[in-house]
Asker: 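Please see the structure below; I have some questions.
Computed over heavy atoms, backbone and side chain alike; hydrogens, waters and symmetry mates excluded. Worth saying up front: this structure is predicted, and the values here are computed from it rather than measured.
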Amino acid sequence: MDSQKLKNIMAKNIKKYLELNGKTQTDMAKDLNIPEMTVSNWINAKTYPRPDKIQLMADYFHIRRSDLTEEKDPDNLYSLSNGFEYIPILGEIACGEPIYAEENFQGYRIEPKEYLPSGKLYYLRAKGDSMEPTIPDGSMVLIREQPDVETNEIAAVLLNGDTEATLKRIRKHNGTIILQPDNPKYAPIIVNENNPAKIIGKAIRYTIDL
């Protein structure tokens with residue numbers, strides 16, 4: 001890997017962890033007693049930090065050195081030493097493309113590990129009122145990636161031609177899958193070859209930011 005590629009990876013990772021921790025480059029420079037121009041050069045991929053400075057930043061962000069030096073897959077959950085995890089927030093999800101494609105990401109939410117289920121997790125924001133009163137419009141819904149759910153469970157589903165996951169209750173009857181809104185003013189959707197759908201995860205719980 002050439003030196004510029006390494007600088008670009010470092011720059012991207014520093015910016016990511018600054019944002020995740022609510023810090024600016026000025027904050028980090030001051031906290032670590034490093035000249036701000038030096039930090040600026042790292043963030044703009046002009047120079048590469050020495051090993052001791054990489055360790056200093058890793059300790060500052062409570063992460064591993066490799067979290068700064070290596071290019072991470074976008075589906076990684078970034079573990080914190082204090083028992084929390086960063087869970088990705090996904091926006092538009094293109095049909096047929098990987099769920100965790102980088103362009104789907106809108107940021108992260110931090111959750112205590114002890115309250116998280118196993119498996120790959122992500123958040124989707126509920127749009128519209130089709131699942132009210134169970135899931136209010138605008139809620140952040142925790143999803144566990146899985147290709148199927150039990151009948152009567154709520155799933156994140158990609159509909160034909162849609163670029164956003166919709167949340168619907170899954171009903172199964174004689175081999176037929178029905179996407180059932182909880183809001184009675186909306187009609188159920190019957191999945192068939194003319195109206196295909198793909199389950200991408202199970203809804204675990206939702207939260208609302210005030």
Asker: Should Thr134 and Ile154 count as side-chain neighbours, where that means a heavy-atom distance under 4.5 Å?
Answerer: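 They are in side-chain contact.
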Asker: Quick one: pull up NZ in Lys30 and OG1 in Thr24 and give me the separation to the nearest 0.5 Å.
Answerer: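 The distance works out to 10.0 Å.
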Asker: Can Met10 and Asn13 be said to form a side chain to side chain contact (heavy atoms under 4.5 Å, CB included), step by step?
Answerer: CA-CA 5 Å; Met10 176 63 67; Asn13 287 332; 5.6 Å; no
Asker: Regarding Asp59 and Arg65, does a basic nitrogen lie under 4.0 Å from an acidic carboxylate oxygen?
Answerer: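 Judged by the 4.0 Å cut-off on N to carboxylate O distance, Asp59 and Arg65 do not form a salt bridge.
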Asker: Please round to the nearest 0.5 Å and tell me the distance separating atom CG of Asp148 and atom CD1 of Ile170.
Answerer: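 Going from the CG atom of Asp148 to the CD1 atom of Ile170 covers 8.0 Å.
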Asker: Indicate whether any N or O donor in one side chain lies under 3.5 Å from an N or O acceptor in the other, for Tyr60 and Gln55.
Answerer: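 No, no side-chain donor-acceptor contact under 3.5 Å.
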Asker: Using a cut-off of 6.0 Å, state whether more than 12 heavy atoms not belonging to Gln146 lie near its atom CD.
Answerer: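 Yes - once you tally the heavy atoms of other residues, nucleotides and ligands closer than 6.0 Å, there are more than 12.
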Asker: Taking atom CG of Leu124 and atom CG of Leu142, what is their separation to the nearest 0.5 Å?
Answerer: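 So the gap between those two atoms works out to 9.5 Å.
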Asker: Quick one: does any side-chain atom of Glu132 pair with a main-chain N or O of Asp137 as donor and acceptor, under 3.5 Å?
Answerer: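 Looks like yes, one N/O pair under 3.5 Å.
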Asker: Short question: side chain of Asn192, backbone of Asn194 - any donor-acceptor pair under 3.5 Å?
Answerer: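 Side chain of Asn192 to backbone of Asn194, a donor-acceptor pair under 3.5 Å: yes, one is there.
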Asker: Donor-acceptor pair, Ser139 side chain versus Tyr206 backbone, under 3.5 Å?
Answerer: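 Pair absent, no side-chain N/O of Ser139 close to backbone of Tyr206.
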Asker: So, taking the atom named CG in Asp67 and the one named CD1 in Ile54, what distance separates them when rounded to the nearest 0.5 Å?
Answerer: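 One finds 12.0 Å between CG of Asp67 and CD1 of Ile54.
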Asker: For Thr207 and Arg109, run side-chain hydrogen bond (donor to acceptor under 3.5 Å, both in side chains): C-alpha distance rounded to whole Å, both residues' side-chain angles, the deciding distance at 0.1 Å, then the answer.
Answerer: CA-CA 11 Å; Thr207 60; Arg109 289 178 70 90; 3.2 Å; yes
Asker: Do Ile199 and Pro147 come within less than 4.5 Å of each other through their side chains, counting heavy atoms only?
Answerer: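 The answer is no; the side chains never approach within 4.5 Å.
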Asker: With heavy-atom distances below 4.5 Å as the criterion, would you say the side chains of Met57 and Leu32 are in contact?
Answerer: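 In short, these two side chains touch, coming nearer than 4.5 Å.
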Asker: List the atom of Ile87, the atom of Tyr123, and the distance in Å for their closest heavy-atom pair.
Answerer: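 Reported closest heavy-atom pair: CG2-CD1, 3.9 Å.
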Asker: List the steps and the verdict of side chain to side chain contact (heavy atoms under 4.5 Å, CB included) for Ile189 and Asn195.
Answerer: CA-CA 8 Å; Ile189 301 170; Asn195 196 28; 3.0 Å; yes
Asker: Salt bridge between Asp182 and Arg169, side-chain N to carboxylate O under 4.0 Å?
Answerer: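 Judged by the 4.0 Å cut-off on N to carboxylate O distance, Asp182 and Arg169 do form a salt bridge.
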Asker: To the nearest 0.5 Å, tell me how far Trp42 CH2 sits from Gln25 CD.
Answerer: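 The distance works out to 11.0 Å.
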Asker: I'd like to know if the side chain of Asn41 pairs up with that of Thr47 as donor and acceptor (distance under 3.5 Å, no hydrogens or angles considered).
Answerer: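 There is no such pair (donor and acceptor under 3.5 Å, judged by atom type) between the side chains of Asn41 and Thr47.
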Asker: What I'd like to find out is whether the side chain of Ile208 reaches to under 4.5 Å of the side chain of Pro136, using heavy atoms alone.
Answerer: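 A side-chain contact exists here, since the closest heavy-atom pair is under 4.5 Å.
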Asker: Provide the closest heavy-atom pair for Pro188 versus Pro181 in the form atom of the first, atom of the second, distance.
Answerer: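 Closest pair (atom of Pro188, atom of Pro181, distance): CA-CD, 3.7 Å.
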Asker: Do Ile143 and Ile204 come within less than 4.5 Å of each other through their side chains, counting heavy atoms only?
Answerer: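 SC-SC contact between Ile143 and Ile204 ruled out.
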Asker: Mind running salt bridge (Lys or Arg N to Asp or Glu O under 4.0 Å) on Glu70 and Arg64 for me, showing each step along the way?
Answerer: CA-CA 10 Å; Glu70 297 177 6; Arg64 299 164 298 181; over 6 Å; no
Asker: Measure the shortest side-chain to side-chain distance between Leu68 and Ile63 over non-hydrogen atoms and say whether it is less than 4.5 angstrom.
Answerer: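 In short, these two side chains touch, coming nearer than 4.5 Å.
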Asker: What are the two closest non-hydrogen atoms of Leu159 and Ala197, and how far apart are they?
Answerer: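 Minimum heavy-atom separation between Leu159 and Ala197: CD2-CB, 3.7 Å.
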Asker: Any donor-acceptor pair under 3.5 Å linking the side chain of Gln4 with the backbone of Ala45?
Answerer: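 At least one qualifying donor-acceptor pair exists.
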Asker: For Lys7 versus Lys46, what's the shortest heavy-atom pair and its separation?
Answerer: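 Closest approach of Lys7 to Lys46, heavy atoms only: NZ-O, 3.4 Å.
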Asker: Would you say the side-chain atoms of Asn21 pair up with the backbone N or O of Lys23, donor to acceptor, closer than 3.5 Å?
Answerer: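 Pair absent, no side-chain N/O of Asn21 close to backbone of Lys23.
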Asker: What heavy-atom pair brings Ala156 and Leu167 nearest, and what distance separates the two atoms?
Answerer: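 Minimum heavy-atom separation between Ala156 and Leu167: CA-CD2, 4.0 Å.
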Asker: Side chain of Lys172, backbone of Val149: donor and acceptor closer than 3.5 Å?
Answerer: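 Such a contact is found between Lys172 side chain and Val149 backbone.
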Asker: Side-chain donor-acceptor pair under 3.5 Å between Asp129 and Tyr186, yes or no?
Answerer: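 Note: Asp129 and Tyr186 side chains meet the donor-acceptor criterion.
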Asker: Do Val39 and Leu20 land in one hydrophobic cluster if side-chain heavy atoms of ILVMFWY residues count as linked below 4.5 Å?
Answerer: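 Yes, Val39 connects to Leu20 through the hydrophobic network.
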Asker: Run the side chain to side chain contact (heavy atoms under 4.5 Å, CB included) test on Leu18 and Met28 for me, step by step, so that the C-alpha distance in whole Å, both residues' side-chain angles and the decisive distance to 0.1 Å come before the verdict.
Answerer: CA-CA 8 Å; Leu18 283 172; Met28 186 174 76; 4.0 Å; yes
Asker: Could you tell me if the side chain of Ile89 sits less than 4.5 Å from the side chain of Tyr122, heavy atoms only?
Answerer: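 Counting from C-beta outward, Tyr122 and Ile89 never come under 4.5 Å.
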Asker: Decide, yes or no, whether a salt bridge links Glu153 with Arg171 under the criterion of side-chain N to carboxylate O below 4.0 Å.
Answerer: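 Looking at Glu153 and Arg171, the cut-off is not met.
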Asker: Do Ile9 and Lys12 make a side-chain contact, defined as non-hydrogen atoms from C-beta onward lying under 4.5 Å apart?
Answerer: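 No. Closest side-chain heavy atoms not under 4.5 Å.
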Asker: Which value, rounded to the nearest 0.5 Å, describes the distance between Ile34 atom CD1 and Leu56 atom CG?
Answerer: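 Rounded to the nearest 0.5 Å, the CD1-CG separation comes out at 5.0 Å.
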Asker: Starting from the C-alpha separation in whole Å, work towards a yes-or-no answer on side chain to side chain contact (heavy atoms under 4.5 Å, CB included) for Leu121 and Leu116.
Answerer: CA-CA 9 Å; Leu121 305 172; Leu116 293 175; 4.0 Å; yes
